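Before any comments, here is the structure.
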Amino acid sequence: MKLLNKSWFVRARLKSRHIPVLVALGETGNLNRAAAGLGISQPAMSKLLKELEDGLEVLLFERHARGVVPTVYGEAMIRHARRMLTSLDDAFDEVSALRDGQVGRVRIGTILTPCADLLPELTSRIKQSRPALELSIHTGSSRDLLSALHDGELDFLLARLFAEGDQQGLSFEALYQEPLCVCARPGLINHVLSTQELHAADWVLPPPGSVLRHEFDGVFLSAGMPPPSKVVNVENLLLVTTLLEKNPMLTVLPREVVNHYARYGMLAVIELEEGIEESLNRNLMGYGIITQNEELLSPAAKSVLALLREIA
């Protein structure tokens, strides 16, 4: 066991009250506003910041007339301070849940495709076997979800793991490919579309930088054409389906998602000339379960993760 007087935070005289100071300064960039938010005076805030910098022997914030800007050291400390506060909040919530007779809470981050079948099945099984468990499901892009996982805001993900991302401490278990297809409202298109017709169409698409948009643009680039220019960039699926309902537009979505909406007569798959759909899905990454420090998960999160693996 490491002796307490060997720990760096003891040598740096780091105290619990320094943690919210870091977070407040990171959020406000201003000593006065940070102090007011914490209910302390500005001189007290300055003293706490100086204690931190003296203890760490680095400059955490550059002082300017209009506020403070974190240095690279300050950014690192702010990031870890946020994680510490999140962990403490989680600890309090878990103890409160146990004290009140609840099982606990689990926070899952997911991309779009698992919302069609996998997560509804998981939710149904949880409600049958663990009715008191509080389940939170957050949707978003893989990159945004990975950032939230790194910050301790989510327990685990159903997402893609990018080679260029920060993979330190992460584990990836591949589950499925999610083939993409072109779709529109039923009855809008009744013939096979060519690449030229697709290029001339009006589109509602995920924003540039997303996986779906990258694969979509690649279809036209591989055919020696620039991507379509008549595009509305939308992330929210409700807005996507509403725009398709009210306008003669096309979009690209995972086939499982389209099949779900097709059952209710809201979307229809568009037939494409031979080779276009294969090109759309040629380099598509599969998604899977992403965990970080699984051994540190709460008992509730571990039980849900085991159930997810059983279903998947």
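Everything numeric in this text was worked out from a predicted model, so none of it was measured. Counting begins at 1 with the first residue of the sequence. Worth knowing before you read on, the calculation uses all heavy atoms, side chains too, and leaves out hydrogens, waters and symmetry mates.
- Counting all heavy atoms, side chain and backbone alike, W203 lies closest to L198 at NE1-O, 2.8 Å.
- Using a distance-only test at 3.5 Å, with no hydrogens or angles considered, a donor-acceptor pair links the side chain of R143 to the main chain of G209.
- Residue pairs meeting the side-chain hydrogen bond (donor to acceptor under 3.5 Å, both in side chains) criterion with at least one partner in residues 64-82, sequence neighbours excluded, do not occur; the list is empty.
- Within the 4.5 Å cutoff, side-chain heavy atoms of L158 are placed close to those of L308.
- Between the side chain of K302 and the backbone N or O of E295, at least one donor-acceptor pair lies under 3.5 Å.
- Residues V240 and L238 are members of separate hydrophobic clusters, defined by side-chain heavy-atom contacts under 4.5 angstrom among Ile, Leu, Val, Met, Phe, Trp and Tyr.
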Identify every side-chain donor-acceptor pair in residues 210-218 under 3.5 Å, counting partners at least two apart or on other chains, and give the distances.
residue : atom : partner : partner atom : Å
S210    : OG   : P207    : O            : 2.8
S210    : OG   : R213    : N            : 3.3
R213    : NH1  : P206    : O            : 2.8
R213    : NH1  : N233    : OD1          : 2.7

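- A heavy-atom distance below 4.5 Å is not found between the side chains of T139 and I111.
- Closest of all the heavy-atom pairs between V68 and R63 is CG1-CG, 4.2 Å.
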Could you list the donor-acceptor pairs under 3.5 angstrom formed by side chains in residues 284-291, with sequence neighbours left out?
none

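- A side-chain donor-acceptor contact under 3.5 Å links N247 to the backbone of L243.
- Within the model, atoms CG of L52 and CG of L60 stand 6.0 Å from one another, a figure rounded to the nearest 0.5 Å.
- Applying the salt bridge (Lys or Arg N to Asp or Glu O under 4.0 Å) rule to R185 yields no partners; only residues at least two apart in sequence or on another chain are considered.
- P70 approaches I78 most closely through the heavy-atom pair CB-CD1, 3.9 Å.
- Here the closest non-hydrogen pair linking L154 and L149 is O-CD1, 3.4 Å.
- In this structure, the side chain to side chain contact (heavy atoms under 4.5 Å, CB included) partners of T195, at least two apart in sequence or on a different chain, are F220, A223, M225, I276.
- Considering CD of E271 and CG of N190, their distance stands at 10.0 Å, rounded to 0.5 Å.
- Of all non-hydrogen atoms in A312 and L175, the two that sit nearest each other are CB-CD2, 3.7 Å.
- Atom CG of D155 sits about 9.0 Å away from atom NE2 of H138, to the nearest 0.5 Å.
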Give every donor-acceptor pair under 3.5 Å between a side-chain atom in residues 28-36 and any protein atom, sequence neighbours left out.
residue : atom : partner : partner atom : Å
T28     : OG1  : A24     : O            : 2.9
T28     : OG1  : N30     : N            : 3.3
T28     : OG1  : N30     : O            : 3.1
N30     : OD1  : N32     : N            : 2.9
N30     : OD1  : R33     : N            : 2.9
R33     : NH2  : T28     : O            : 3.1

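- Looking only at distances, a side-chain donor or acceptor of S303 sits under 3.5 Å from a matching main-chain atom of A300.
- Under a 3.5 Å cut-off, the side chain of T241 and the backbone N or O of L237 do form a donor-acceptor pair.
- The salt bridge (Lys or Arg N to Asp or Glu O under 4.0 Å) test applied to K47 returns no partner, not counting sequence neighbours.
- T86 pairs by the side chain to side chain contact (heavy atoms under 4.5 Å, CB included) definition with D90, R107, not counting sequence neighbours.
- For the side-chain hydrogen bond (donor to acceptor under 3.5 Å, both in side chains) test, residues two or more places apart in sequence or in another chain that qualify with E294 are R309.
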Could you go through residues 248-256 and list every donor-acceptor pair under 3.5 Å that involves a side-chain atom there, pairing it with any protein atom two or more places apart or in another chain?
residue : atom : partner : partner atom : Å
T251    : OG1  : V204    : O            : 2.5
R255    : NH2  : E277    : OE1          : 3.4
R255    : NH2  : E277    : OE2          : 2.7

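- Residues S222 and S279 come closest through the heavy atom pair OG-OG, 3.5 Å.
- Q42 and S46 are linked by a side-chain donor-acceptor pair at a separation below 3.5 angstrom, with hydrogens and angles left out of the test.
- Residues forming a salt bridge (Lys or Arg N to Asp or Glu O under 4.0 Å) with E62 (at least two apart in sequence, or on another chain): none.
- With contacts defined as side-chain heavy-atom distances shorter than 4.5 Å, the pair I270/L188 does not qualify.
- Once rounded to the nearest 0.5 Å, the distance linking OG1 of T242 with CG of N236 reads 8.0 Å.
- When hydrophobic clusters are built by joining Ile, Leu, Val, Met, Phe, Trp and Tyr residues whose side-chain heavy atoms come closer than 4.5 Å, directly or via intermediates, V192 is not grouped with L280.
- Connection of V234 to L267 is established within a shared hydrophobic cluster, with ILVMFWY side chains joined at heavy-atom distances below 4.5 Å, either directly or through further cluster members.
- Side-chain contact between E51 and H18: present, with at least one pair of heavy atoms (C-beta onward) separated by less than 4.5 Å.
- For the pair I108 and S136, the minimum side-chain heavy-atom distance is 4.5 Å or more.
- In this structure, CG on D151 lies 12.0 Å from CG on L85, to the nearest 0.5 angstrom.
- Residues E197 and H191 bring a donor and an acceptor atom of their side chains to less than 3.5 Å of each other.
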Does the pair H150 and R83 meet the rule for a side chain to side chain contact (heavy atoms under 4.5 Å, CB included), with working shown? CA-CA 9 Å; H150 277 299; R83 291 179 185 173; 4.1 Å; yes
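- Not a single donor-acceptor pair under 3.5 Å links the side chain of H199 to the backbone N or O of S194.
- At a threshold of 4.5 Å between non-hydrogen side-chain atoms, the residues E53 and L59 count as touching.
- Under the 4.5 Å side-chain heavy-atom criterion for ILVMFWY residues, a single connected hydrophobic cluster contains both V232 and L239.
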Side chain to side chain contact (heavy atoms under 4.5 Å, CB included), that's the test. Do R130 and L307 meet it? Break it down for me. CA-CA 11 Å; R130 301 166 179 83; L307 185 57; 3.9 Å; yes
Show your working on salt bridge (Lys or Arg N to Asp or Glu O under 4.0 Å) between E310 and R125 and close with a plain yes or no. CA-CA 11 Å; E310 177 185 325; R125 298 272 287 271; 2.6 Å; yes
Apply side chain to side chain contact (heavy atoms under 4.5 Å, CB included) to V182 and V269, showing your working. CA-CA 6 Å; V182 174; V269 175; over 6 Å; no
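- With a 4.5 Å cut-off on side-chain heavy atoms, S141 and L145 do not count as touching.
- A single hydrophobic cluster is seen to contain both F61 and V72, as judged by linkage of ILVMFWY side chains at heavy-atom distances under 4.5 Å, directly or through other members.
- Taking I137 as the reference, T110, L119, T123, L135 meet the side chain to side chain contact (heavy atoms under 4.5 Å, CB included) condition, with sequence neighbours excluded.
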